[in-house]
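One structure below.
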Amino acid sequence: MRPTISQFPATRLRRTRQSAAIRALTRQNDLSVDDFIWPVFVRSGEGIEEPIPSMPGVFRRSVDKVVDAAREAADLGIPAICIFPYTEIEERTEECAGAWDPENHANRAIRAIKAAVPEIAIMTDVALDTYNINGHDGFVKNGEIVNDRTVEALVKMTLAQAEAGADIIGPSDMMDGRIAAMRAALEEAGHQNVMILSYSAKYASAFYGPFRDAVGASGALVGDKKTYQMDPANSDEALRLIERDLSEGADMVMVKPGMPYLDICRRVKDTFGAPTYAYQVSGEYSMIKAAAQNGWIDEEHVMMESLMAFKRAGCNGILTYFAPEAARLLASKR
Ligand code: PBG
């Protein structure tokens, strides 16, 4: 029940907006560097920082450069980095064996970051798309994305990442039963402390376009992902997915994309109270960058407003390509 408020002029709601000091004192939500997980792209080679045209300011980096980026992030106070591999077309097959290769770009990056920047938490991506010739997150048989055989592969991928030193496993595949299978395998292998941040409510979204360029999957994708990723029209289903993943052993849950799905973030947080994250995805990032480059919006202010929106919606943190830029800005204002 809402308490009643007195009538004007006893109540003048503008009183608490009158100065920066009073606004600071009455501010409800807070954005800090502690809220960020920074997604980075890793590729083959050495000394490489290759710009991604559809994501201004974002690069595909060779392992040595990813380590430099992790160092920079840790120095800015960013608590976690999330590794996404970019694979060349010849590294992709129907069998996706690269996904659980201990020597794949992602696993090499995990080991190198652990050795050089032990204080930053490392999150991974578990899905077959970047190793799959047809760009899907699971194995494809007769045009169908098969569930159970994919889960077996995801478990192998998870174990290889945990072996490499990952702290947080990030299944982004949307197969059924994967969290229970991954959790059981981690326990059995002695990785009790390895966490799972499940992409529980991941929508079949057109906002992933620039990311698919970044990982080299845009041209590759045959068809769409609608038989496993969620229908943007659904809200209740997100709660069922989150409940299922928490009951299977997820430590943290994610809603993705972010800004168009803030209603889902709020429902998830209010219903379960679990650590809840949103992914401000590539398309959201690139729209802000593009509009700013055209001089149509103020980049810094829109960036910070977009990030604060996630906190207001109840999120504990945000996966965002803006992480270093926002961290620098927050540091300069302290
Ligand atoms: C793939 C994956 C995707 C993203 C993260 N992991 C793309 C997809 O599902 O097609 C999107 C991230 C972004 O757009 O920034 N499993």
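Each ligand, and each atom within it, is numbered from 1 in the order the structure gives. This one's a predicted model, so the numbers in the text were calculated from it and none came from an experiment. FYI, side chains are in, hydrogens and waters are out, and symmetry mates aren't considered; it's all heavy atoms of this structure.
By the criterion of a heavy-atom distance under 4.0 Å, neither the backbone nor the side chain of Tyr285 is placed next to ligand 1. For Ser282, heavy-atom contacts with ligand 1 shorter than 4.0 Å involve the backbone as well as the side chain. Only the side chain of Asp125 comes within 4.0 Å of ligand 1, judged by heavy-atom distances. Contact annotation: for Asp137 versus ligand 1, heavy atoms closer than 4.0 Å belong to the side chain alone.
Counting only heavy atoms of the protein, atom 12 (C) of ligand 1 lies nearest to Phe211 CD1, 3.2 Å. Scanning the protein heavy atoms around atom 15 (O) of ligand 1, the nearest turns out to be Tyr321 OH, 2.6 Å. Atom 9 (O) of ligand 1 has Lys202 NZ, 2.7 Å as its closest protein atom, hydrogens excluded (heavy atom only).
Of the residues Lys65, Arg328, Arg61, the one that meets the salt bridge (charged side-chain N to carboxylate O under 4.0 Å, His left out) test with Glu72 is Arg328.
Taken from CZ in Arg60 to OG in Ser44, the straight-line distance is 10.5 Å, to the nearest 0.5 Å.
Atom numbering of ligand 1 starts at 1 in the shown order; those under 4.0 Å from a heavy atom of Arg212 are 8 (C), 10 (O). Against a heavy-atom cut-off of under 4.0 Å, Ala127 is close to the following atoms of ligand 1: 16 (N). Residue Asp129 approaches ligand 1 through these ligand atoms, each under 4.0 Å from one of its heavy atoms: 1 (C), 2 (C), 16 (N).
No donor-acceptor distance shorter than 3.5 angstrom exists from the side chain of Asp173 to the backbone of Leu128, with no hydrogens or angles considered. The closest donor-acceptor contact from the side chain of Thr87 to the backbone of Tyr131 lies at 3.5 Å or more, if one exists at all. A donor-acceptor distance shorter than 3.5 angstrom exists from the side chain of Thr150 to the backbone of Phe139, with no hydrogens or angles considered.
With no hydrogens or angles considered, no side-chain donor-acceptor pair links Ser306 and Glu284 at under 3.5 Å.
For the residues Lys256, Lys225, Gln229, the heavy atom positioned nearest atom 6 (N) of ligand 1 is part of Lys256.
Aromatic ring orientation, Tyr261 versus Tyr203: parallel (interplanar angle below 30°, classes split at 30° and 60°).
Not a single heavy atom of Glu284 sits under 4.0 Å from any atom of ligand 1.
In this structure, the ring of Phe41 has its center less than 6.0 angstrom from the ring center of Phe211.
For Tyr199, no nitrogen or oxygen atom sits less than 3.5 Å from a nitrogen or oxygen atom of ligand 1, counting backbone and side chain alike.
For the pair Lys225 and Tyr208, the cation does not sit on the ring face, since its NZ or CZ is not both under 6.0 Å from the ring centre and inside 45° of the axis.
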